[in-house]
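Below: one structure, written as structure tokens.
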Amino acid sequence: MRAVVLALTVALVVPEFALDKTYVYKYEALLLGGLPHEGLARAGIKVSSKVLLSAMTEHTFLMKLMDPLLHEYAGIWPKDPFVPATKLTSALAAQLQIPIKFEYANGVVGKVFAPAGVSPTVMNLHRGILNILQLNLKKTQNIYELQEAGVQGVCRTHYVINEDPKANHIIVTKSKDLSHCQEKIIKDIGLAYTERCAECTERVKSLIETATYNYIMKPAAAGVLIAEATVEEVHQFSPLNEIHGAAMMEAKQTLAFVEIEKTPVVPIKADYLARGSLQYEFATEILQTPIQLMKLSDAPAQIIEVLKHLVANNVAMVHDDAPLKFVQLIQLLRVATLENIEAIWAQFKDKPVYRRWLLDALPAVGTPVIVKLLKEKFLAGEFTIPEFIQALVVALQMVTADLETIQLTASLALHEKIATIPALREVVMLGYGSMIAKHCVAVPTCPAELLGPIHEIAAEAISKNDIPEITLALKVLGNAGHPASLKPIMKLLPGLRTAATSLPLRIQVDAILALRNIAKKEPKLVQPVALQLVLDRALHPEVRMVACIVLFETKPSVALISSLAGALKLETNMHVASFAYSHIKSLTRITAPDMAAVAGAANVAIKLMSRKLDRLSFRFSRALQLDFYYTPLMVGAAGSAYMINDAATILPRAVVAKARAYLAGAAADVLEIGVRTEGLQEALLQSPAADESVDRITKIKRTLRALANWKALPTNQPLASAYIKLFGQEVAFVNVDKTVIEEAIPIVTGPKPRELLKAALKALQEGIALQYAKPLLMAEVRRILPTAIGVPMELSLYTAAVAVASVNVQATITPPLPEEIETMTLEQLKKTDVQLQAEARPSIALQTFAVMGVNTALIQAAVMARGTIRTITPGKVAARADILKGNYKMEALPVEVPEHIADVSFETLAVVRNIEEPTAERIVPLVPELAVIVIILNFSFQSATPFHKTLCLAVPYIEIKGCIEVHSHNAAFIRDDPLFYIIGQHSARASVARAEGPAVERLELEVQVGPRAAERLLKQISLIDEETPEGKAFLLKLREILETEDKNVRVSSESSSSSSRIISSSSSSSMSSSRMTETATVMEPFRKFHKDRYMAPHGASKAVSSGSTASSFEKIQKQAMFLGNAVPPVFAVIARAVRVDHKLLGYQLAAYFDKQNARVQLVVSSIAENDNLKICADGAVLSKHKVTARVAWGPECQQYAVIAKAEAGVLGEFPAARLEVEWERLPIIVTTYAKKLSKHIPMAAFKAGFRLERVSNADKEIELTAALPSQRSLNVIARIPEMTLSRMDIPLPIAVPINPDGTLSIQIDEDILSWIQKHIKEE
């Protein structure tokens, strides 16, 4: 009873500090990052100091730090010691020892005051100490929970108060769940367009944050005294899943009472300004990248220095550090003032190379200053329109979306100069919508007034019936995704008691699509609107199907989807029914966690719908969604495709494709592309092609006529449109209308292309030397959050790349081209000899940094994963085209190759650096050297041995050797999980060098067309005649070799075949019990067509057909086994390596054509001496329904041979085609793998729905027969050794235009054909 009374009594008292005393505490704070395993490297900082607390008034106190000392750490934990950061401590000592004021009442810290000389970073360190003093002790409870304010914001806090009667003190324990905060202090950069996937982190989490505070409180004269306080805070992060291992930031604080002094703390003589509350204040770390620390002395000079370095060192080849230097340039530009950047632009704008680097860097800076600069310089005429559009598209996506930038963008969008350039205005307007979307992510209570200008533009456009302006306004509202835009959008939706039905169809569709981003925020507002549109049968089918897309993006409930499924039972429009059914069916297979509830609802709804819809062909509208999600690693991808068709025309009305990605508990719509042919469809519907009473062929003819007469189409409607979205934001769209076509035709056919061609040819003859560099900041994703000690930690990902290309081209044209190229005749062109020599050295450097750790303007301490890719692929080629002689040659010439053409590396490091010694950074590999591992952790030598291997392959003939060197050293010896395989050092290098042997001067590829082809052959081609004595002797010797080879193979495989018989017999017996093998297949024989007729008499048999085909082909072959003896080659191709020893190496191909017998023969032979290996392909068209080919290879084309026969005919009463493949002899490796593959055919056939019959078919023949019972179904029969497979009535996605008599049911209309010919002649 006494214990309870004492505890309740103490709970009434809060920590207090007497007015006439100074309380001295010893303070130590530690922040370390790394993996929670000993023997691996960590990085961090430590702060130690005396803390003096003195009361000025009852609720106002002073706090002063005495003897502060900063330590930094980058080493193997726990072996290596902390290192004092002496210079940094000295630089900050004066600041750190300035007393600060704070309000403190009832254990709660109020406002904080400090002189202006105390930087935000130092102020946050003080907040870390004050955070310990924050105690919300309730008077009547010992265990309770509340939302408590602290450094990290207002977060869920759990209190437990216990008494220790023996020690006469009270123990207070409070724990904070930093993942559940009412107001969390956090700064996200580059994450505005991502969505939090709450369902992805229900079972597994990527980021876990928690803190525990323990207090020992002793009775004192004025109340209670905090004798000791300890804080332990953990931030655990893994991009995969914490159960597979995670990186950890661990913060520890200790505040221990030392003594009470009489000397009070005295404030300095300066104005104490209000510096906010206990909550963390973001400082310059927002502008500071965590991958490098720079001491800013003179920003303009430093920018110029880095810019000159990039220009000078990325000319012929990319420099290794180019990506990092580019990020450094961006960082310096972020801290520069507008005046600084204007001066730099003025200095370098007339230097093309410097200008390009600045234009690539400025948009990535992402500050309002850059948007203002771009606006001013464009209005001043210093940017071209393409330069400005390229810079603005990136800048508006990268810039911080605050109210100042939004107003600046609005003024830019409404500027009269921008209004005169439609493409530019579209970019600005779309960017304005995206900026509002980003701002509303950062400020959820963003006002609807931000969209006021767009609402006004939309209202004015509606009143004037300005369709293009309405379209643009809707796309801007769609990008913004603000719920306040729902009412203006609904005014343009059809069927909702509005006048929208009088608007063009494309406006109605755009209005529905504008709801998609609103649906992500307020799905309950959009669902009833979308459902009403889907079910309104009076609306156009396309409108209903687009509404269906929006409806399912709202993640509807099972009741809503079931209601839709029930309503679709009575649906009369098959396109809408097919689209909705296929959409629901595809959702049943979705595995992504955020769509799990929708997938379950779809599984219920699909049972309510008719299965007949599943058999509809692809000519009806369809929706398809596929995804993959791997929960243990928290990664996934999803793809959606929507095809909206129209029964009246052959073109789809719309096609949309979207890709979505999942990673670490977040999701994003990465890319979406949409194409619509709405104007073209409307034009076609107004044409005779829309007449439902005519047959399909007539529709096609009329459609083609309508397309040919595009000049008669209306000017005020687009024929087609397309858009592209990145991360859910539309960044560009284009409308193609009659005006665009009319403007494009003169550009293509007018004098400008000829002038460009003339200039290009002139430049080629004079020689072109080009160096080009393109940098790109590919990713900048950051999350900055404070820790308990007042130091920020950061999770970030940076990817930057620089591509450099050096190109030299020289052309020689003989005879020289005439001054007026358009006067050149075809005969002159035929007599032209063109020689071209080009050398290129493209190179790419890419660097990626993933960082977790401390990032301030004073000190950085982090664990980092750094990946680099560097490739250099030089090449030098020469080409010649002698048109008169029909000779075309290309040569690959030797070129200087660097030591490594590709270098890929990945390493994990612990890094610490401070601003006073930026060059003295300490970098320690996260996984230490082998010897250290063995000593510290007592692991066996073998378990931690690095992997190192070099693989080399020499390419024969051309004497080139390629090598790949791989090195890997990871931490899997600690734990067998994916993360531990990743951390460490990994690298791979690829190199190309000369191999041993004679040097190769060049590689040649030559093509000779026409009568001179025989002259270009380097080696006489001849084939052995089997009837001659030499031929018989050769074949006899070859037969002996092959028989010996067969005997050896038979002996070596005898033991394995005996065991396989047991397995095959058991498997065949099990298969025989299935339905596949018991049912015999009753099939009519394949009947061929005779001569030029189609349907053949029923008496024609397969045997006769096959035999006649073979005999006729053999008869043609016997007339001339080798066509080269009778006719010259039509063309010749020679590929060879020219070596210094003049040895012939390579291959040549000769093509022969016997026009009389419609026979083609190709012979490929080696040009090397004493090499008689050849490949012979011989084919002939025996009739309009039959074609036969024979491919043979080996010595004199006599070792292996395959014969293929293709024939059209009938199967029963249906048109059919048959393909037969026979072989005389195949390589052993082919037959071996074929036998292994045949064992899996029965199960694969069963899964594919085929019937299987075990029969004794020919051992060396495969026959495939396909018949068309109708134009939308297919019968297939396949005969292979030992079995026959068949499947009837296979549905086809499209109709095959073949009539029952074998004739084609489609032909090009004569009017269309004549129009095409006439148009070509006119041009």
Side-chain angles (χ1 to χ4, degrees), residues 617-618 696-697 1081-1114 1116 1157-1160 1177-1191 1202-1223 1241 1244-1245 1248-1253 1255 1257-1258 1260-1281 1283-1308:
S617 68
F618 277 88
R696 182 170 54 84
I697 302 305
T1081 306
V1082 179
M1083 291 169 284
E1084 295 191 43
F1086 178 85
R1087 293 176 288 115
K1088 65 177 182 176
F1089 291 135
H1090 284 288
K1091 297 183 181 179
D1092 293 333
R1093 292 184 302 151
Y1094 289 96
M1095 296 301 288
H1098 286 267
S1101 67
K1102 170 185 176 297
V1104 174
S1105 167
S1106 179
S1108 61
T1109 301
S1111 61
S1112 59
F1113 183 56
E1114 290 173 1
I1116 293 173
N1157 294 311
R1159 178 186 175 195
V1160 176
D1178 204 343
V1181 180
L1182 303 178
S1183 73
K1184 64 190 302 182
H1185 309 299
K1186 294 184 290 187
V1187 62
T1188 302
R1190 182 179 186 271
V1191 179
V1202 174
I1203 299 173
K1205 306 169 189 175
E1207 188 173 12
V1210 292
L1211 188 70
E1213 299 298 328
F1214 307 132
R1218 180 178 63 188
L1219 173 65
E1220 292 181 35
V1221 179
E1222 303 174 8
W1223 58 91
I1241 291 177
F1250 278 78
R1251 295 168 57 186
L1252 184 144
E1253 182 181 358
V1255 292
N1257 292 326
K1260 295 184 178 182
E1261 181 181 327
I1262 295 175
E1263 179 187 312
L1264 178 65
T1265 305
L1268 285 171
S1270 69
Q1271 292 189 351
R1272 289 193 172 274
S1273 62
L1274 184 70
N1275 294 345
V1276 175
I1277 303 167
R1279 293 184 176 90
I1280 61 177
M1283 64 187 79
T1284 297
L1285 309 173
S1286 62
R1287 184 180 173 187
M1288 305 298 142
D1289 292 323
I1290 301 173
L1292 298 176
I1294 59 175
V1296 180
I1298 297 178
N1299 295 323
D1301 63 350
T1303 58
L1304 293 176
S1305 62
I1306 185 172
Q1307 56 185 352
I1308 299 178

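The chain is numbered in sequence order, starting from 1.
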Holding to side-chain contact (heavy atoms from CB on, under 4.5 Å), I want the full list of residues that pass it with [X], two or more places apart in sequence or in another chain.
| X | answer |
| --- | --- |
| Ile1241 | Ser1238, Ile1280, Met1283, Leu1285 |
| Asn1257 | Val1255, Arg1279, Thr1284 |
| Val1181 | Ala1158, Val1187 |
| Val1191 | Ala1177, Trp1193 |

Does some side-chain heavy atom of Met1288 sit less than 4.5 Å from a side-chain heavy atom of Ile1277? yes

Would Ile1203 and Val1221 satisfy side chain to side chain contact (heavy atoms under 4.5 Å, CB included), going step by step from the backbone distance to the final call? CA-CA 6 Å; Ile1203 299 173; Val1221 179; over 6 Å; no

So, for [X] and [Y], which heavy atoms are closest and what is the spacing to 0.1 Å?
| X | Y | value |
| --- | --- | --- |
| Pro1269 | Ser1273 | CD-O, 3.5 Å |
| Ala1267 | Leu1274 | O-CD1, 3.3 Å |
| Asp1178 | Val1160 | OD1-O, 3.3 Å |
| Phe1113 | Arg1190 | CE2-CB, 4.1 Å |
| Leu1182 | Ile1116 | CD2-CD1, 3.8 Å |

How long is the straight-line distance from CZ of Phe1250 back to CZ of Arg1287, given to the nearest 0.5 Å? 6.0 Å

With rounding to the nearest 0.5 angstrom, report the OG1 to NZ distance, Thr1188 to Lys1205. 6.5 Å

Arg1218 with Glu1220: basic N within carboxylate O range, under 4.0 Å: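 Salt bridge between Arg1218 and Glu1220, a charged N being under 4.0 Å from a carboxylate O: yes.
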
Can you list the steps and then say if Glu1222 with Glu1261 is a side chain to side chain contact (heavy atoms under 4.5 Å, CB included)? CA-CA 4 Å; Glu1222 303 174 8; Glu1261 181 181 327; 3.7 Å; yes

Does the side chain to side chain contact (heavy atoms under 4.5 Å, CB included) test come out yes or no for Leu1268 and Phe1214, once each step is laid out? CA-CA 6 Å; Leu1268 285 171; Phe1214 307 132; 5.6 Å; no

